[in-house]
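Structure first, commentary second.
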Amino acid sequence: MGQYVAPIRDMQFVLHELLKVEDELKTLPNYSEIDADIINQVLEEGGKFTAEVLFPLNHSGDREGCHYDGATKTVTTPKGFKEAYKQYVDGGWAALACDPEYGGQGLPVVMNNSFYEMLNSANQAWTMYPGLSHGAYECLKEHGTDDQKKTYLPKLVSGEWTGTMCLTEPHCGTDLGMLRSKALPQADGSWLITGNKIFISAGEHDMSENILHLVLARVPDAPEGSKGISLFLVPKFLPNADGGIGERNPITCGAIEEKMGIHGNSTCQMNLDGAKGWIIGQPNKGLNAMFVFMNAARLGVGMQSLGLTEVAYQNAVTYAKDRIQMRSLTGPKNPEKPADPIIVHPDVRRMLLTGRAYAEGARAFTSYVALQIDRELHHPDEDVRKEAADEVALLTPIVKAFITDNAWIATSEAMQVYGGHGYISEWGMEQYVRDARINLIYEGTNTIQALDLLGRKILGDNGAKLRKFGEKIKAFVEENGLDENLSEFITPLGDLGDKVTKLTMEIGMKAFQNADEVGAAAVPYLRVVGHLVYSYFFAQMAKIALEKQDSSDTFYKTKLATARFYFARLQPETATLIRQARSGAANLMALDADLF
Ligand SMILES: Cc1cc2nc3c(=O)[nH]c(=O)nc-3n(C[C@H](O)[C@H](O)[C@H](O)COP(=O)(O)OP(=O)(O)OC[C@H]3O[C@@H](n4cnc5c(N)ncnc54)[C@H](O)[C@@H]3O)c2cc1C
């Protein structure tokens, strides 16, 4: 069913030529030994594993879905998933970017990031099982006790055990302050937890011998709202004294959801009937600890959508070269055949280039963010670590929302390239559209990401983080502003930067009068800032490509054409978005709710 070839050449361009990761990693003591050969080898091997082992299970996993057995309360994943997971664990892939202290391979996040793109292109539903483990690892590593780390981290790192995040309850998703699950303290220092969680991804499955649930609940006398939430580690099987599998804990799956996409991933209703757990961090500070998991997951969701954009694009290109329909408007390009391949038609090219540009923009952007995470974690200079952390905080909601919105557009365009054949399931294209849709919803809907960006990350610190990032853009514009060859990229970049500054100030002023102004502007605002970020990366990529466009390697010509397409066809939507963001709250809030 279709094809997937990891885009290693573009990954190498981003890592080696755009971001110069080897030089950057040399400034981080943990990674000073990492060279281009190691990076390229991981990319090659990751490309093989994902294309050969996971991709063949994508369509069959979607068709078959997960099976729930009510008698045993167990879930069986689609045929082949379990065996592929064993190969993943045996190959050491789970441990790639984890700390050697817990059995990890100690490679940088920026390398793991490229591997995650491949995993998600090959099979998003499958990738969610190990993907959630990684968030659990990050959270426990930062907030767990020494004992918890010793007991659980090696199991998560090896992949023997997987993790989940149990936040959502039937009456609360976005508003976690309303959650009702309860935790009662026990004499031995553990807690007994009772409650019902819904929509828990990978909550029950047959791929690993144990599952570590990270559960939000309230301790007795907790304050109301989000200030009264605590975080607990609740294993499916309690660990033995020797660290192996012990007694079954009463946290069980009551059902799995029927849903639009990601059929290969189990979405579980989880019942906790006095399940034994251990608190992570301090009572009532659970949301703070869980944010480590949530931030990792938000970046992960962006990677899911980059993966889908890439694979949908690749398949649409193959189809567009093969499918013959109608003649080119400028005369036959394939006179010996009854019609030309559809790739001759300008609008088919627009659809393909939309996918290509959104994939390449997202690849550059997420690799940059991943490198900033490496600096945040390992740079010897505290100021650099802080600056990197601020940038990651600013950019995380953009990774989550902008990339997932774009993937919804790009997978739909890729499906459209197939005409009616895209809509039927035989070719696998409609699966990409269905799988892409959830990414706009979970991990905080894209509206919530937009509010986080504009309200908390930008207006909340008087624009300091945005200004700092803007200084990088300004420096690039100033450095290259006089180069006429680059003006087609630099002018719209500089122009958009100025507009974002004005727009931010304008919304900030209005917000003083009426807080609804933030809610009314946030979604188009995030998209405008997303385009500013992509413009910055496309301008840098175009600069490199221009310098090398005469090389025999056609890669650079292609990169340049993609950057030109981006600035000509995608970035201009910012004009409309800015008008929408400026239009204010009144056009949304004028109607009384009962007039809808
Ligand atoms: C397939 C799937 C897998 C999932 N996996 C997990 C998981 O592993 N763990 C987990 O805990 N949860 C999981 N979820 C739950 C998911 O994170 C929630 O569905 C999501 O956070 C939204 O919550 P909700 O569905 O209750 O919607 P609601 O919170 O009811 O929101 C409904 C609508 O109102 C909007 N809205 C709400 N508040 C505001 C506001 N202040 N301003 C503007 N708009 C607002 C929302 O954006 C949304 O459009 C999963 C869900 C699905 C469908």
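Predicted, not measured: the structure shown is a model, and the values here were computed from it. Excluded from the calculations below are hydrogen atoms, water molecules and symmetry mates; all remaining heavy atoms, backbone and side chain alike, are included. We count ligands from 1, going down the list as the structure has it; atoms in each ligand are counted the same way.
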Atoms of ligand 1 close to [X] [distance to a heavy atom under 4.0 angstrom, numbered from 1]:
X	answer
Glu443	17 (O)
Leu451	42 (N)
Ile200	7 (C), 8 (O), 9 (N), 10 (C), 11 (O)
Ile438	1 (C), 2 (C), 52 (C), 53 (C)

### Message
Quick one, Leu306 and Arg363 - any side-chain contact, counting heavy atoms below 4.5 Å?
### Response
yes
State whether any protein heavy atom lies less than 4.0 Å from [atom].
atom	value
atom 33 (C) of ligand 1	no
atom 1 (C) of ligand 1	yes
atom 44 (N) of ligand 1	yes
atom 30 (O) of ligand 1	no
atom 26 (O) of ligand 1	yes

Pairs touching residues 206-217 that satisfy salt bridge (Lys or Arg N to Asp or Glu O under 4.0 Å), sequence neighbours left out: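 As it turns out, there is no salt bridge (Lys or Arg N to Asp or Glu O under 4.0 Å) pair with a partner in residues 206-217 once direct neighbours are skipped.
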With distance as the sole criterion, is a donor-acceptor pair present between the side chains of [X] and [Y] under 3.5 Å?
X	Y	value
Ser181	Glu169	yes
Glu376	Gln372	no
His67	Thr77	no
His531	Thr574	no

[atom]: which protein heavy atom is closest, and how many Å away?
atom	answer
atom 19 (O) of ligand 1	Phe199 CD1, 3.9 Å
atom 8 (O) of ligand 1	Ser201 N, 2.9 Å
atom 28 (P) of ligand 1	Thr174 OG1, 3.6 Å
atom 40 (C) of ligand 1	Ile448 CD1, 4.0 Å
atom 18 (C) of ligand 1	Thr168 OG1, 4.3 Å
atom 16 (C) of ligand 1	Tyr442 CB, 3.9 Å
atom 20 (C) of ligand 1	Ile441 O, 3.9 Å

Nearest heavy atom to atom 24 (P) of ligand 1, choosing from Cys172, Gly173, Ala125, belongs to Gly173
Under 3.5 Å: donor-acceptor pair, side chain of Asn406, backbone of Phe402: yes
**Q.** Ser121 side chain vs Gly307 backbone, donor-acceptor pair below 3.5 Å
**A.**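 Between the backbone of Gly307 and the side chain of Ser121 there is a qualifying donor-acceptor contact (under 3.5 Å).
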Would you compute the distance between atom [atom1] of [X] and atom [atom2] of [Y] and round it to the nearest 0.5 angstrom?
X	Y	atom1	atom2	answer
Thr404	Ile409	OG1	CD1	10.0 Å
Lys259	Asn265	NZ	CG	6.0 Å
Leu216	Cys166	CG	SG	8.5 Å

Margin query: Going by the rule side chain to side chain contact (heavy atoms under 4.5 Å, CB included), which residues pair with Val53 if we only count those two or more places apart in sequence or in a different chain?
Written below: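 Residues passing side chain to side chain contact (heavy atoms under 4.5 Å, CB included) with Val53: Phe49, Ala84, Gln87.
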**Study point:** Location of contacts on Thr445 toward ligand 1, heavy atoms closer than 4.0 Å
**Key:**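 Side chain only.
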For ligand 1, is any non-hydrogen atom under 4.0 Å from Leu167's backbone (N, CA, C, O), its side chain (CB onward), both, or neither?
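Both backbone and side chain.
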Member of Asn439, Asp435, Asp62 meeting the side-chain hydrogen bond (donor to acceptor under 3.5 Å, both in side chains) criterion with Gln124 =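 Exactly one candidate clears the test, Asn439.
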ask   = At a 4.0 Å cut-off, with the gap strictly under it, does some heavy atom of Asp175 reach an atom of ligand 1?
value = no
### Message
Please check whether Met165 reaches ligand 1 - meaning an N/O of the residue sits under 3.5 Å from an N/O of the ligand, judged on distance alone.
### Response
yes
